[in-house]
*Asks:* 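Have a look at this one before I ask anything.
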Amino acid sequence: MIRSDAIFETIRMFQEENLDVRTVTLGLNLDDCSSPTLPHLCAKIRAKINRSAGDLVRATREVERRYGIPVVNRRLAVSPIASVAAGHGRDALVQVAKTLDQAAAEVGVDLIGGFGGLVHKGLTPTAKALIDSLPEALSRTQRVCSGINVATTRAGINMDAVLALGQAIRDTAAADQAHHGFACAKLVVFANMPEDNPFMAGATHGPGEADAVINIGVSGPGVVKRALQRLIEQVGTERLTLADMAEEIKLTAFRITRVGELIGRELAERLNVQFGIVDLSLAPTPKVGDSIGEILQTMGIAAIGAPGSTAALALLNDAVKKGGAFASSSVGGLSGAFIPVMEDATLATAAAEGSLTLEKLEAMTSVCSVGLDMVAIPGSTSGATIAAIMADEMAIGVVNNKTTATRIIPVAGKAAGDYVSFGGLFGASVILPVRCPGDNDAFVRFAGHIPAPLQSLRN
Amino acid sequence: MTEPTHLLTVHTLDQRGIIANLSEVLESQGACLLELSQTVVRDYFTIIIIAALPPDSDTSALTTQLQRITGAGGAVNLLPYQTNRPPVPKSDRYILTALGDDSPGVIHGISSLIAERGGNFVDLDCRVMATGIRLVAEIELPPTVALDQLQIDLEHVGHAIGLQVRLQHQQLFQATNQVLFRRIAT
């Protein structure tokens, strides 16, 4: 039998350190639902989701029971709707969003991603219509999420799309003013978007994927933090080095990844679909003990955002990847540490205290996944300024050949220093100031295309 | 392959060199040790050995020789090996853990429930420490078992006596603790 202490160590990860399977995401290809008539398109989408995902919740519960592992969310990611609904206009796309919302509710999932498109080289008429539809589609639905890829290292940055999305985000916030612009939390703008990301709001079932795929997002900031605390207690700060910490994080990431792969493979088998990947991102929640900020504090960064924060995050991110890559050959998605300000109570506190600024967050995103995530900014910020913030983040992804993204929430009626709360897992935060808003709008208004960097010429 | 002929159990206060002494006697009698398991429980040495003895062995003399090693406070039991266990049906292995207050009837309460549902204990380790009781068991369960209900019932039994009882598939612990792990499709 496996040693008793090893058994109890595994149990402790779930019981005391908040390790869970954060999401089981079923990716579904909807290309076969395309139709020139809207009622037919919506009916086919609804039928396919019900047919393919009808058993997802039941099967997940069975696997949860078998292993005694909590699975927090069950979700769907569908093919980019800008392709599935090609040829349809703005109003039709709103109807498609409502159909996705209804179908997601029918199969018992809390979020459905994929109401987006791949526009990094250009906008099709449907992609333009989809961006126009976002304010209504996201504010009139509960479960629909949108991921839009506006840049790749190979293609550069589509600034026409970035500019249009800057305005769409502002309009979405205005359309959802009653909920402080929460609808914007369901929109992610990407550079180098992965096709197999299971985490919302950016999960989209990529065009290179199989018809139906199970992807798993595990999460365990609390486990990593406690492992580091135990290491410090056992070895003592005088004898410990950062390399020792990296080693400990690797070992922890190994275990976390193995949990995800076990659940994913069993679930895929039960649903008779392909197993895709384990995304071993450390995704925090507002719960105490489930925070990336707390890991950095354990590593000696007392004020998150102070000098040293980027280096500490780089160490953490790299060690997580190394441990995960050794544990499984099916690691994918984003697989890094998330720093969503509103969803991480310690990061939100650092933002409120002024140590964590928008600029420092941007620097930190150059070494981790994903980007400026769940960042609340003043509602008065113009669409062009939002586009400029996004362009900066996309540039980091494009030049560094990595995924970056933004999930920015301009909170209508609120100014820098005010608070906004979405409750539950979406958390709360101070509104971060945007320095010199509007001063550089002329740059983004040139629009067009930022050419692909030299890094794109790899053949 | 050598067939087993005898089952030997020895219990005594633990002492340095006891395994060397026991094995020396067994070897001198031409015994072949096929499988053994040994542990120390609260200072008591316990060993169970499946052995093949030569056909003309004098088992009384062997027992006497072994008793000299254990002394008066120990026990030696040498039985003919016989097995007529029916073929084991296909089953899944689960790890049962219980942590919490020590109270009378813990093992009986849990083991009765497992037996009632057709389960079989393959391995069991239970200790009472200053912090309470810690029980770990490896259990075979028939695939037809209503796992949900068994887990609920175990939790209920545990709750009544201040214990947290969990039943989780063995593969979870293999996956998180062993470098080499391949999940076999069910």
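In what follows, every chain begins at residue 1, and chains take the letters A, B, ... in the order their sequences are listed.
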*Asks:* Distance check, rounded to the nearest 0.5 Å: B:Thr176 atom OG1 versus A:Leu262 atom CG?
*Replies:*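 One gets 8.5 Å once the value is rounded to the nearest 0.5 Å.
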*Asks:* Taking the side chain as everything from C-beta on, heavy atoms only, tell me whether B:Gln174 gets closer than 4.5 Å to A:Arg258.
*Replies:*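 Not in contact.
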*Asks:* Top residue by heavy-atom pair count (under 4.5 Å) with chain B, among A:Val259, A:Leu251, A:Ile11?
*Replies:*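 Winner by heavy-atom pair count: A:Ile11.
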*Asks:* Between CD1 of A:Ile263 and CG of B:Leu172, what distance do you get to the nearest 0.5 Å?
*Replies:*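 Result: 7.5 Å between the selected atoms.
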*Asks:* In terms of heavy-atom contacts, does CD of B:Glu24 have more than 12 from other residues, nucleotides or ligands at under 6.0 Å?
*Replies:*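 No, because the 6.0 Å sphere around CD of B:Glu24 holds 12 heavy atoms or fewer from other groups.
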*Asks:* Relative to chain A, which segment of B:Leu167 carries a heavy atom at a distance below 4.5 Å: side chain, backbone, both, or neither?
*Replies:*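 The backbone, not the side chain.
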*Asks:* Nearest 0.5 Å please: distance from the CZ atom of A:Arg61 over to the CG atom of B:Asp148.
*Replies:*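 One finds 10.0 Å between CZ of A:Arg61 and CG of B:Asp148.
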*Asks:* Just wondering, are more than 12 heavy atoms of other shown residues or ligands nearer than 6.0 Å to CZ in A:Arg12?
*Replies:*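 For A:Arg12, atom CZ is crowded (more than 12 foreign heavy atoms under 6.0 Å).
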*Asks:* Please state whether the side chain, the backbone, both or neither of B:Leu147 comes within less than 4.5 Å of a heavy atom of chain A.
*Replies:*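 Contact with chain A involves the side chain of B:Leu147 alone.
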*Asks:* Near B:Glu116 CD, under 6.0 Å, is it more than 12 heavy atoms from other residues, nucleotides or ligands?
*Replies:*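 More than 12 within 6.0 Å, yes.
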*Asks:* Under a 4.0 Å threshold between the charged nitrogen and the carboxylate oxygen, would B:Asp92 count as salt-bridged to A:Arg66?
*Replies:*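 Here A:Arg66 pairs with B:Asp92 in a salt bridge, since their nearest N and O are under 4.0 Å apart.
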*Asks:* Can you check whether A:Tyr67 reaches B:Gln168 side chain to side chain, under 4.5 Å on heavy atoms?
*Replies:*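 No; the side chains remain at least 4.5 Å from each other.
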*Asks:* Atom CZ in B:Phe173, atom CZ in A:Arg255: separation rounded to 0.5 Å?
*Replies:*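 One finds 10.5 Å between CZ of B:Phe173 and CZ of A:Arg255.
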*Asks:* Can you name the nearest heavy-atom pair linking B:Leu135 to A:Phe8, along with the distance?
*Replies:*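 Nearest pair, atom of B:Leu135 first, then A:Phe8: O-CZ, 3.9 Å.
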*Asks:* Got a second to check how far A:Gln15's CD is from B:Thr97's OG1, nearest 0.5 Å?
*Replies:*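 Nearest 0.5 Å value for the CD-OG1 distance: 8.5 Å.
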*Asks:* Between atom CG of A:Asp5 and atom CZ of B:Arg134, what is the distance when rounded to the nearest 0.5 Å?
*Replies:*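 Between atom CG of A:Asp5 and atom CZ of B:Arg134 there are 6.5 Å.
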*Asks:* Is it the case that atom CD in B:Glu27 sees more than 12 heavy atoms from other parts of the structure closer than 6.0 Å?
*Replies:*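 Open.
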*Asks:* So which part of B:Val122 gets closer than 4.5 Å to some heavy atom of chain A, the side chain, the backbone, both or neither?
*Replies:*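 Looking at B:Val122, nothing touches chain A.
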*Asks:* Take a 6.0 Å sphere around NZ of A:Lys321 and say whether it holds more than 12 heavy atoms from other residues, nucleotides or ligands.
*Replies:*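 For A:Lys321, atom NZ is crowded (more than 12 foreign heavy atoms under 6.0 Å).
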*Asks:* With heavy-atom distances below 4.5 Å as the criterion, would you say the side chains of B:Ile152 and A:Arg65 are in contact?
*Replies:*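 Yes, their side chains come closer than 4.5 Å.
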*Asks:* For B:Gln164, is it the side chain, the backbone, both or neither that has a heavy atom under 4.5 Å from a heavy atom of chain A?
*Replies:*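 For B:Gln164, the side chain is the part near chain A, not the backbone.
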*Asks:* Determine whether A:Phe326 and B:Val179 make a side-chain contact, defined as any pair of heavy atoms from C-beta on separated by less than 4.5 Å.
*Replies:*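 With C-beta onward as the side chain, the pair touches.
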